[in-house]
Amino acid sequence: MTEFATEHLIIAPILIPFFAGALMLLYEDRQRRAKLVISLGAAFAMLIVSVELLTRAKTHGLAGGRDIGFYLLSDWAAPFGIVLVVDRLSAMMLVLTGLLALPALIYSAAGWHRQGQHFHALFQFLLMGLAGAFLAGDLFNLFVFFEVLLAASYGLLLHGSGQLKVRAGLHYIAINLTASLFFLIGVSLIYGVTGTLNMAQLSTLIASLSEADRPLFHLGATMLGLAFLVKAGIWPLSFWLPTTYMAGAAPVAAMFAIMTKVGVYVILRLSMLMFGAAAGPSAGFGAEVLVVGGMATVAFGLTGVLASQGLGRMAAHLVLISSGTVLAITGFALAGGGTAMLAGALYYLVSSTVAISALFLLIEPMSREEGGIAAMLALTADAYGLDLKDEDNQPEVGLAIPGTLTVLGLCFGACLLVLAGLPPLSGFLGKLAMLGGVLGADTGTEGWVFVTLMLLSGLATLIGLIRVGIQTFWASEGVVPRVLALEIAPVLALVGMTILLTLEGNDSLRFMESTARALQSPAIYAEGVMQAPRVEEIQE
Amino acid sequence: MEIVLSAAIGILAASGTWLLLRPRTFQVIVGLCLLSYAVNLFIFSMGRLYVGAPPIMPKGGFVDPTIYADPVPQALVLTAIVISFATTALFLVVMIASRGFTGTDHVDGREGGQ
């Protein structure tokens with residue numbers, strides 16, 4: 001029984017949101033409370049499963065005491081059928097998805113989920129796409145799950161409607177459709193050259209490619225990389241990102257904080273698998289591009305943070321800084337850097353994603369004028385022709401919190417500390433680990449440029465956010481905004497996560513280190529997948 | 001056959017790219033369609049070109065794989081066609097909404113001169 005459960009647990013993070021989303025499509029959109037409950041329940045179940053997978057990945061509890069678990073769909077042997085793979089990195093990303101989804105959903109209950117159709121169903125499909133992308137073991141399924149999450153994200157971005165959203169959505173969809181075409185070209189080139197799409201098998205084939213095929217393979221990998229780099233928002237492919245993130249509804253933007261990280265995750269996974277030290281002549285392919293592109297992204301992001309007027313645009317540029325940093329470190333690690341900096345980057349990835357998500361949720365309560373969400377709700381409901389007499393549509397009945405400005409200020413301060421990388425919170429630990437790793441490895445001039453950029457980006461974040469903070473909390477006069485408990489609770493939860501991440505800093509960093517070590521020895525992954533036993537064989 | 005196919009892919013991709021960079025939403029969507037046709041043909045060609053070779057093998061017994069076409073790219077093309085069709089339809093809806101909001105079919109929602 002337990003063996004059965006382990007086996008099928010791996011596909012649960014995909015199936016739970018899929019069924020929840022499909023179920024909600026069957027019901028009328030007016031039953032929002034029921035939908036909210038289903039949605040929260042599904043996200044919670046997904047989180048529980050992810051945590052369980054993470055625990056097992058950490059303690060070698062996956063099938064047969066290995067570090068990675070597999071799920072062979074329809075019991076086809078590994079290189080021929082579809083395979084789902086879970087290891088430390090993907091389990092960690094799954095947990096992160098669940099941790100961001102719950103607060104975003106709770107926040108949406110304060111009003112946003114009423115402002116358009118099918119918010120919860122789309123949200124669940126987004127979760128399904130994310131989980132699938134993290135678990136996919138072959139390139140084509142990665143494409144399919146990417147399309148699932150993108151299709152859901154198009155709908156979510158347009159949620160609430162309005163001119164700004166539609167315009168941003170138009171650009172976002174056009175860019176992503178084009179990027180998907182690049183993805184397909186890359187996938188088919190790689191298939192044409194190697195005859196396989198399975199990531200594990202690919203990683204074993206690369207060293208033995210013929211000299212005539214190698215440039216073609218590199219071209220395919222470049223095309224594929226372009227598609228993911230667009231999603232990760234590397235400069236100069238990132239101009240769509242700030243407007244899009246700013247235009248999205250608050251809970252949507254908070255969830256989008258992980259969307260760039262999907263791109264980063266795939267780049268990290270594929271480059272480590274395909275172009276690690278064992279790849280022969282292809283080893284380290286693309287490392288330079290990642291280092292330079294990542295650093296350019298950080299530079300672009302920090303300029304953007306300094307230039308932004310509103311908090312929304314600033315937060316979007318912080319997303320760029322965060323993904324640029326991790327991409328640059330991936331490049332360094334690919335070029336032969338140590339485990340230490342990669343571990344630091346993973347830790348930084350988690351803590352900065354959580355903090356940015358919290359910041360996106362803070363934007364609205366902080367910049368709320370008198371009337372706030374109630375007025376806005378009435379406005380959009382008007383534009384949308386929604387029936388305001390809905391039973392659960394009485395606006396602003398929730399509990400308002402006391403000491404609004406104090407609580408908001410504390411949350412904002414915590415986000416600032418994490419994002420600027422100041423002690424004592426987790427941002428500092430992450431940056432310290434990364435900088436230590438970069439300085440410890442022999443990275444030459446590029447290393448020093450990176451260190452400088454890191455410190456500068458921290459400074460820019462500090463200046464930008466403090467400016468907003470002073471305007472909002474000290475220089476503002478007049479009525480204190482009314483903030484619902486439903487809106488502040490998710491932010492508090494996210495801030496609590498960063499504090500927990502700091503308190504457990506030692507353990508988390510050790511976990512990240514073993515994750516980084518596993519990433520740097522792709523042979524474990526490759527052999528594991530290729531030898532994954534079929535059910536039939538186990539029974540015989 | 002190789003020349004015809006590669007010329008077709010090249011012409012579709014070139015026209016698609018040009019249209020994609022035009023300022024009108026209708027041109028962009030036609031460009032995306034042309035590009036996706038080019039990509040679909042490209043995926044198809046990555047299974048190598050065969051004439052009159054079926055992709056599905058009979059059940060049982062020994063089969064000689066060399067007389068069959070590679071079925072994987074054909075399956076991939078089907079998936080890619082469905083997905084790009086669906087997303088293009090969605091794009092069309094957004095395009096019409098944008099036109100309704102802004103009163104112009106420029107991709108930026110306002111005419112270039114303004």
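Bear in mind that the values here come from a model prediction, so they are computed numbers and not experimental data. Convention: sequence-line order gives letters A, B, ...; per-chain numbering from 1.
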> Checking side chain to side chain contact (heavy atoms under 4.5 Å, CB included) for the pair S180(A)/K231(A): CA distance, chi angles, key distance, verdict?
Replying inline: CA-CA 10 Å; S180(A) 299; K231(A) 266 115 195 162; 4.2 Å; yes
> At their closest point, which heavy atom of A121(A) faces which heavy atom of L25(A), and how far apart are they?
Replying inline: CB-CD2, 3.8 Å
> Which atoms of D108(B) come close to chain A, meaning under 4.5 Å heavy atom to heavy atom: side chain ones, backbone ones, both, or neither?
Replying inline: both
>> I'd like to know which of T102(B), N40(B), I83(B) tops the heavy-atom pair count under 4.5 Å against chain A.
In response: I83(B)
>> Looking only at heavy atoms and a cut-off of under 4.5 Å, which of V28(B), I29(B), D70(B) has the most pairs with chain A?
In response: D70(B)
> Relative to chain B, which segment of E147(A) carries a heavy atom at a distance below 4.5 Å: side chain, backbone, both, or neither?
Replying inline: side chain
>> Contact between L34(B) and Y37(B) at the side-chain level, heavy atoms closer than 4.5 Å - yes or no?
In response: yes
> Between G169(A), G195(A), G192(A), which shows the greatest number of heavy-atom pairs under 4.5 Å with chain B?
Replying inline: G192(A)
>> Could you check whether any side-chain heavy atom of L76(B) comes within less than 4.5 Å of a side-chain heavy atom of V72(B), counting everything from C-beta outward?
In response: yes
> Which one of N176(A), L184(A), V187(A), V193(A) has the most heavy-atom pairs closer than 4.5 Å to chain B?
Replying inline: L184(A)
> Given the rule in the ring-ring contact (aromatic ring centres under 6.0 Å, His included) test, do F91(B) and Y154(A) qualify, once you have shown the distances and angles that lead to the verdict?
Replying inline: CA-CA 9 Å; F91(B) 188 61; Y154(A) 302 151; 8.8 Å; no
> Heavy-atom distance under 4.5 Å to chain B: side chain of L197(A), backbone, both or neither?
Replying inline: side chain
>> Counting only non-hydrogen atoms closer than 4.5 Å, does L20(B) touch chain A with its backbone (N, CA, C, O), its side chain (CB onward), both, or neither?
In response: side chain
> Can you say whether F143(A) sits under 4.5 Å from chain B via the side chain, the backbone, both, or neither, judging by heavy atoms?
Replying inline: side chain
> Where on S84(B) is there a heavy atom nearer than 4.5 Å to chain A: the side chain, the backbone, both, or neither?
Replying inline: neither
>> Set out, in order, the CA-CA distance, both residues' side-chain angles and the distance that settles ring-ring contact (aromatic ring centres under 6.0 Å, His included) for Y191(A) and F140(A), then state yes or no.
In response: CA-CA 10 Å; Y191(A) 181 79; F140(A) 201 74; 9.8 Å; no
>> Assess the residue pair F145(A) and L130(A) against the criterion (side chain to side chain contact (heavy atoms under 4.5 Å, CB included)); give the C-alpha distance rounded to whole Å, side-chain angles, the decisive distance to 0.1 Å, and a yes or no.
In response: CA-CA 7 Å; F145(A) 281 118; L130(A) 285 167; over 6 Å; no
